[in-house]
Every structure is written in structure tokens, then in C-alpha cells.
Amino acid sequence: MTRVRRTGRTGGVLAGVLALAFCATACGIRTTSVPVDAGPAPSRMPCEVPGKDVVTQAAPGLPVRVYLECASELASVERAARMPDEKTTDTRARLAQVLLDELQARPSAAEREAGFTTEVRGPLVVSPGRSADPAGTLRLSRQPEDLAAAALAQIVCTFAESAATDGKVVLAGPGDYPPRAYVCGEETKSRPDASVPTLGPVTASPSS
């Protein structure tokens, strides 16, 4: 009896398997038996507000720069802020409150579209330091260490690059804890969820 070779579906599948195996070898594809971790997908957030949507170009007010969170980092945005009615003669504290209000405000539609958010939650008020505090101290209505790390990073970096401080951000809370000097560096901007570096407690100079 003559045996008939069957070349149906089984033969087609076999041919496909052989072709795939040949390509894996001849095409230079290295096979692996373990999962490959390609890392997190790159962020598509531009983290930059288009020029036509920058608030300082569309509204009158005091030009200010504040740091918001975007793509797990801090990035600055330009705002036009309104200076509040004078409640204190301390100009730095007044400006610090303006900046703090901007940080507590919901980002604009253009900022949200660009990926910006804020971790600073109100109500949060700033006042001048006490008589025994080091010069330039700003006191928050909540203890700085009790704020979320990203929120404190936003505040410190915003204050550090403004006329509210001389570059060194000395903060304290409403209690009796001594003021601390906080640092805004590239590490803080790139990892705002980490603890904000400090120079430790600071004391008033003998001449103050």
C-alpha cells in the first residue's frame, strides 16, 4: 500500500516554527528565558507651559516664579501674582505669603495640561520670625517637618529663588522648635519626595 504524505495544517505549523527558529539564529536575535525589565515608560508630559499660555503674559500683577511638581520632579512656572493688602511691615514675609498662596492654588488649565501639580495644601500662612529668631526666619502656620516632603521641597525651592530670602531658607513652625535652614539643590529638584536637606538648627547671631 502506498503511504500518502499529509501536508495539511500540521505541515504549515511546522514550517512556521522552523522559519521562526531560523530567523532567531540567522537574524541575530538572542533568545532569553527570563523576563526583560525595560524600566518605566518615559513620561510624555512636556513640563513646560506654551509661551502664549504663560500667566505673566496674559494678566497684570507681580511676576513671580514658583516650583510645581511635574513628572516626579520640580519645575518652575511663571505667574502673575497679586500683592495682598499690607498686613505686616516685613516685606519678605509679605512676598513669602504671596508665593505660598500661589503654591496652594490649583494649577491653571495650561499648567495641568503640561503635567504640573502641587502638593502644597492649605490653609498655610507665613509670618515673620520672632525676636529671638535668626535674621530672615519665616514661620509657617504648620511645622515644616509635618508637611509632605514634596510640599516642603516646593516651598523651599520657591523661597530660595525669590526675594523673600537671601538664598538661605530658614523656616520654623508655630511651636517652640528652633528654626532650621533648608537647602534647595539639584537633588531636591530631581527627587522632591525625598527629605529636604537641612543645615540643622540655626541660632540668632549675638548682634541680632
Side-chain angles (χ1 to χ4, degrees), residues 45-131 133-174 179-185 188-189 192 196:
M45 294 299 183
C47 295
E48 184 176 347
V49 180
K52 63 183 180 63
D53 294 322
V54 174
V55 177
T56 52
Q57 297 181 5
L62 177 69
V64 296
R65 174 188 296 174
V66 297
Y67 275 91
L68 303 180
E69 192 169 20
C70 185
S72 300
E73 296 184 353
L74 294 188
S76 63
V77 297
E78 304 292 333
R79 296 268 185 86
R82 178 176 175 272
M83 203 70 171
D85 296 334
E86 185 172 352
K87 295 180 180 180
T88 175
T89 56
D90 192 310
T91 304
R92 288 189 173 186
R94 289 180 62 205
L95 177 57
Q97 186 62 59
V98 168
L99 296 172
L100 197 57
D101 290 342
E102 291 295 323
L103 289 172
Q104 294 177 82
R106 187 187 186 199
S108 67
E111 290 168 348
R112 295 196 303 273
E113 186 174 347
F116 288 101
T117 62
T118 182
E119 295 300 320
V120 182
R121 303 286 185 264
L124 197 56
V125 179
V126 64
S127 58
R130 300 167 183 169
S131 58
D133 288 339
T137 297
L138 296 171
R139 283 191 171 265
L140 303 178
S141 55
R142 289 160 60 190
Q143 192 66 25
E145 293 83 358
D146 292 340
L147 300 174
L152 182 57
Q154 285 183 241
I155 295 171
V156 170
C157 289
T158 298
F159 285 1
E161 298 184 12
S162 74
T165 68
D166 58 3
K168 183 172 68 173
V169 182
V170 182
L171 300 177
R180 302 178 72 89
Y182 293 85
V183 179
C184 173
T188 300
K189 294 178 182 179
V196 180

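Here CG of Leu68 is found 9.5 Å from CD of Glu102. Values are rounded to the nearest 0.5 Å. Taken from CZ in Arg121 to CD in Gln104, the straight-line distance is 10.0 Å, to the nearest 0.5 Å.
The backbone N or O of Ala93 sits nowhere less than 3.5 Å from a side-chain atom of Gln97 that would complete a donor-acceptor pair. The backbone N or O of Pro107 lies less than 3.5 Å from a partner atom in the side chain of Arg112, making a donor-acceptor pair. Side chain of Gln154 to main chain of Thr118: no donor-acceptor pair is present (N/O by atom type, distance under 3.5 Å, no hydrogens or angles). Checking side-chain atoms of Thr188 against main-chain N and O of Ala153 turns up no donor-acceptor pair under 3.5 Å. Proximity of a side-chain donor or acceptor of Thr158 to a complementary backbone N or O of Ile155 within less than 3.5 Å is not detected.
Sorted by first and then second residue, the salt bridge (charged side-chain N to carboxylate O under 4.0 Å, His left out) pairs with a member in residues 66-77 form an empty list; sequence neighbours excluded.
The side-chain hydrogen bond (donor to acceptor under 3.5 Å, both in side chains) test applied to Lys189 returns Tyr67, Glu161, not counting sequence neighbours.
Smallest separation of non-hydrogen atoms from Val156 and Val196: CG2-CG1, 4.2 Å. Across all their heavy atoms, Val120 and Leu100 have their closest contact at CG1-CD1, 4.5 Å. In plain terms, the two heavy atoms of Arg130 and Gly173 that are nearest each other are NH2-O, 4.3 Å. Scanning all heavy atoms of the two residues, the minimum distance from Val170 to Pro179 falls at CG1-CB, 3.6 Å.
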Expected list for residues 143-152: side-chain donor-acceptor pairs under 3.5 angstrom, two or more places apart:
from: Gln143; atom 1: NE2; to: Glu145; atom 2: OE1; distance (Å): 3.1
from: Glu145; atom 1: OE2; to: Tyr182; atom 2: OH; distance (Å): 2.9

